[in-house]
Asker: 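Can you keep this structure in mind? I'll have questions shortly.
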Amino acid sequence: ALAAEPDVLLLDEPLRALDVDAAARIRALLRRLLVERSQTTILVTHEIVDAVTLADELLILDGGTVVERGTVRAVLDAPRSAFAASLAGLSLVEGRWDGKRLVTALGALTGVVHGEPAVDDAAVAVFTAASASVFLAEPHAASPRNTLRASVLQIEPHGDRARIRCDASGTDVNAEITWESVRELGI
């Protein structure tokens, strides 16, 4: 497809069946070729590393509906949908701004506010798994600004740490903790 130099190139999961090393090499080759040729390319992928490496703009579909659209950085740094947040490795909690905090079905959340939401505007809290902690009971000797009651659904390896996937009353949230913490907590 690249040899024919088409006006538009469609790459549908181009790295899907490759092992990790081969995928990295082909991804680097594709990036170089796409930059050199300045060719319009539509990349279909479920792999965030492919989107970050190969795309300039993202259009994210969830159930056939466009839920996000913009530059890669804009969409991944400040997702507006739970689906886009999960692709970016973030947790997203929806609620309404009361002028001082985000009021959600899980409780009120505080933090850094981007923009100037009006009172009663729909808004979201977005956070990384690394910024979350796991406690077996309400923390009293710790200093978390926000707490959410959640049930552990799954524990997955994530490099040298464990990603804890949780359900907080129907909202997916993630924490990233050490394997020693997993053992100490008995989860």
Asker: Are the side chains of Ile26 and Pro14 in contact, using a 4.5 Å heavy-atom criterion?
Answerer: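 SC-SC contact between Pro14 and Ile26 ruled out.
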
Asker: Mind checking whether Leu58 and Leu76 have side chains closer than 4.5 Å, heavy atoms only?
Answerer: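 SC-SC contact between Leu58 and Leu76 confirmed.
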
Asker: Can you list everything that forms a salt bridge (charged side-chain N to carboxylate O under 4.0 Å, His left out) with Asp120? Sequence neighbours excluded, please.
Answerer: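 Checked Asp120 against salt bridge (charged side-chain N to carboxylate O under 4.0 Å, His left out); matches are Arg96.
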
Asker: Quick check: are there more than 12 heavy atoms from other residues, nucleotides or ligands sitting under 6.0 Å from CZ of Arg101?
Answerer: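 Open: at most 12 neighbouring heavy atoms sit under 6.0 Å from CZ of Arg101.
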
Asker: Hydrophobic cluster membership, with links at side-chain heavy-atom distances under 4.5 Å among I/L/V/M/F/W/Y: are Val8 and Val44 in one?
Answerer: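 Yes.
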
Asker: Report the distance from atom OG of Ser133 to atom CD1 of Ile177, rounding to the nearest 0.5 Å.
Answerer: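 If we round to the nearest 0.5 Å, Ser133:OG and Ile177:CD1 are 8.5 Å apart.
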
Asker: Just jot down the side chain to side chain donor-acceptor pair (under 3.5 Å) partners of Thr147, sequence neighbours excluded, or say none.
Answerer: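 Expected list: Glu138.
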
Asker: Measure the CG-CG distance between Leu90 and Asp77 for me, rounded to the nearest 0.5 Å.
Answerer: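 That separation rounds to 8.5 Å.
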
Asker: Does the Asp62 side chain pair with the main chain of Phe83, one donor and one acceptor, at a distance under 3.5 Å?
Answerer: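 Here the side-chain-to-backbone pair does not exist.
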
Asker: Any sub-3.5 Å donor-acceptor pair from Asp121's side-chain atoms to Ala118's backbone N or O?
Answerer: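 A pair under 3.5 Å: yes.
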
Asker: Rounded to the nearest 0.5 Å, what separates atom CG in Asp19 from atom CZ in Arg25?
Answerer: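 So the gap between those two atoms works out to 7.0 Å.
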
Asker: Where do Ala168 and Leu106 come nearest, in terms of heavy atoms and distance?
Answerer: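 Taking Ala168 first and Leu106 second, the nearest heavy atoms are O-CD2, 3.1 Å.
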
Asker: Under 4.0 Å between a side-chain nitrogen and a carboxylate oxygen: does that hold for Arg163 and Glu176?
Answerer: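 Answer for the salt bridge query: yes.
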
Asker: Would the distance check show the side chain of Thr53 and the main-chain N or O of Asp50 forming a donor-acceptor pair, the cut-off being under 3.5 Å?
Answerer: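 No; zero donor-acceptor contacts below 3.5 Å.
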
Asker: Listed by chain and number, what are the salt bridge (charged side-chain N to carboxylate O under 4.0 Å, His left out) partners of Glu180, not counting sequence neighbours?
Answerer: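 Salt bridge (charged side-chain N to carboxylate O under 4.0 Å, His left out) check on Glu180 returns Arg183.
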
Asker: Is atom CD of Gln154 surrounded by more than 12 heavy atoms (other residues, nucleotides or ligands) closer than 6.0 Å?
Answerer: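 Buried by this count: over 12 neighbours within 6.0 Å.
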
Asker: For the residue pair Leu15 and Glu47, establish whether any side-chain heavy-atom pair is separated by less than 4.5 Å.
Answerer: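 When only atoms from C-beta onward are counted, Glu47 and Leu15 do not touch, as no gap falls below 4.5 Å.
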
Asker: By the definition side chain to side chain contact (heavy atoms under 4.5 Å, CB included), identify the one residue from Val173, Leu153, Ile155, Leu185 that meets it with Ile164.
Answerer: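 Single side chain to side chain contact (heavy atoms under 4.5 Å, CB included) partner of Ile164 among Val173, Leu153, Ile155, Leu185: Ile155.
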
Asker: Got Val124 and Trp97 here, is their nearest side-chain heavy-atom distance under 4.5 Å?
Answerer: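 No; the side chains remain at least 4.5 Å from each other.
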
Asker: Verify the cluster assignment for Val49 and Val75: are they in a single hydrophobic cluster under the rule of side-chain heavy atoms below 4.5 Å apart?
Answerer: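 Different clusters.
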
Asker: Quick one: CG on Leu109 to CG on Asn146, what's the gap to the nearest 0.5 Å?
Answerer: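 Rounded to the nearest 0.5 Å, the CG-CG separation comes out at 4.5 Å.
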
Asker: Without swapping roles, check the side chain of Thr41 against the backbone of Gln39 for a donor-acceptor pair under 3.5 Å.
Answerer: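 Yes; at least one donor-acceptor contact below 3.5 Å.
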
Asker: Ignoring hydrogens, what is the shortest heavy-atom contact between Lys100 and Asp98? Give both atom names and the distance.
Answerer: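 Shortest heavy-atom separation between Lys100 and Asp98 comes out as N-OD1, 2.8 Å.
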
Asker: Identify the heavy atoms of Val182 and Ala162 that sit nearest to each other, and give their distance.
Answerer: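 Closest approach of Val182 to Ala162: CG2-CB, 3.7 Å.
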
Asker: Are Leu136 and Val134 grouped together when hydrophobic residues (ILVMFWY) are joined by side-chain heavy atoms under 4.5 angstrom apart?
Answerer: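 In one cluster: yes.
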
Asker: Side-chain contact, heavy-atom cut-off 4.5 Å: Ile60 with Val66?
Answerer: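 The answer is no; the side chains never approach within 4.5 Å.
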
Asker: When you look at Phe127 and Val93, which way does the side-chain contact (heavy atoms from CB on, under 4.5 Å) test go after all the steps?
Answerer: CA-CA 9 Å; Phe127 55 94; Val93 179; 4.0 Å; yes

Asker: Does any part of the side chain of Leu61, heavy atoms only, come nearer than 4.5 Å to the side chain of Val67, both counted from C-beta?
Answerer: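 SC-SC contact between Val67 and Leu61 ruled out.
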
Asker: When rounded to the nearest 0.5 angstrom, what distance separates OG1 in Thr171 from CG in Leu92?
Answerer: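 It comes to 8.5 Å.
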
Asker: Donor-acceptor pair, Glu156 side chain versus Arg165 backbone, under 3.5 Å?
Answerer: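 No: the side chain of Glu156 does not pair with the backbone of Arg165.
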
Asker: Are Ile187 and Phe135 grouped together when hydrophobic residues (ILVMFWY) are joined by side-chain heavy atoms under 4.5 angstrom apart?
Answerer: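 Different clusters.
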
Asker: Please check if any side-chain donor atom of Glu57 sits under 3.5 Å from a side-chain acceptor atom of Thr71, or the reverse.
Answerer: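 The criterion, which ignores hydrogens and geometry beyond distance, is not satisfied for Thr71 and Glu57.
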
Asker: Between Glu68 and Ser81 (side chain of the first, backbone of the second, donor and acceptor by atom type, cut-off under 3.5 Å), is there such a pair?
Answerer: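 Present.
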
Asker: Decide yes or no for Thr45 and Leu54: does some side-chain heavy atom of the first lie under 4.5 Å from some side-chain heavy atom of the second?
Answerer: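 No, side chains not in contact.
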
Asker: Less than 4.5 Å apart, side chain to side chain, heavy atoms only: is that true for Ile42 and Leu11?
Answerer: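 No, too far: nothing below the 4.5 Å cut-off.
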
Asker: Using only atom types and a distance under 3.5 Å, with no angle test, would you say the side chain of Thr178 pairs donor to acceptor with the backbone of Arg161?
Answerer: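 No, the answer is negative, given that no donor and acceptor are paired below the 3.5 Å cut-off.
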
Asker: Drop me the distance from Leu43's CG to Leu9's CG, to the nearest 0.5 angstrom.
Answerer: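 Atom-to-atom, Leu43:CG and Leu9:CG are 9.5 Å apart.
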
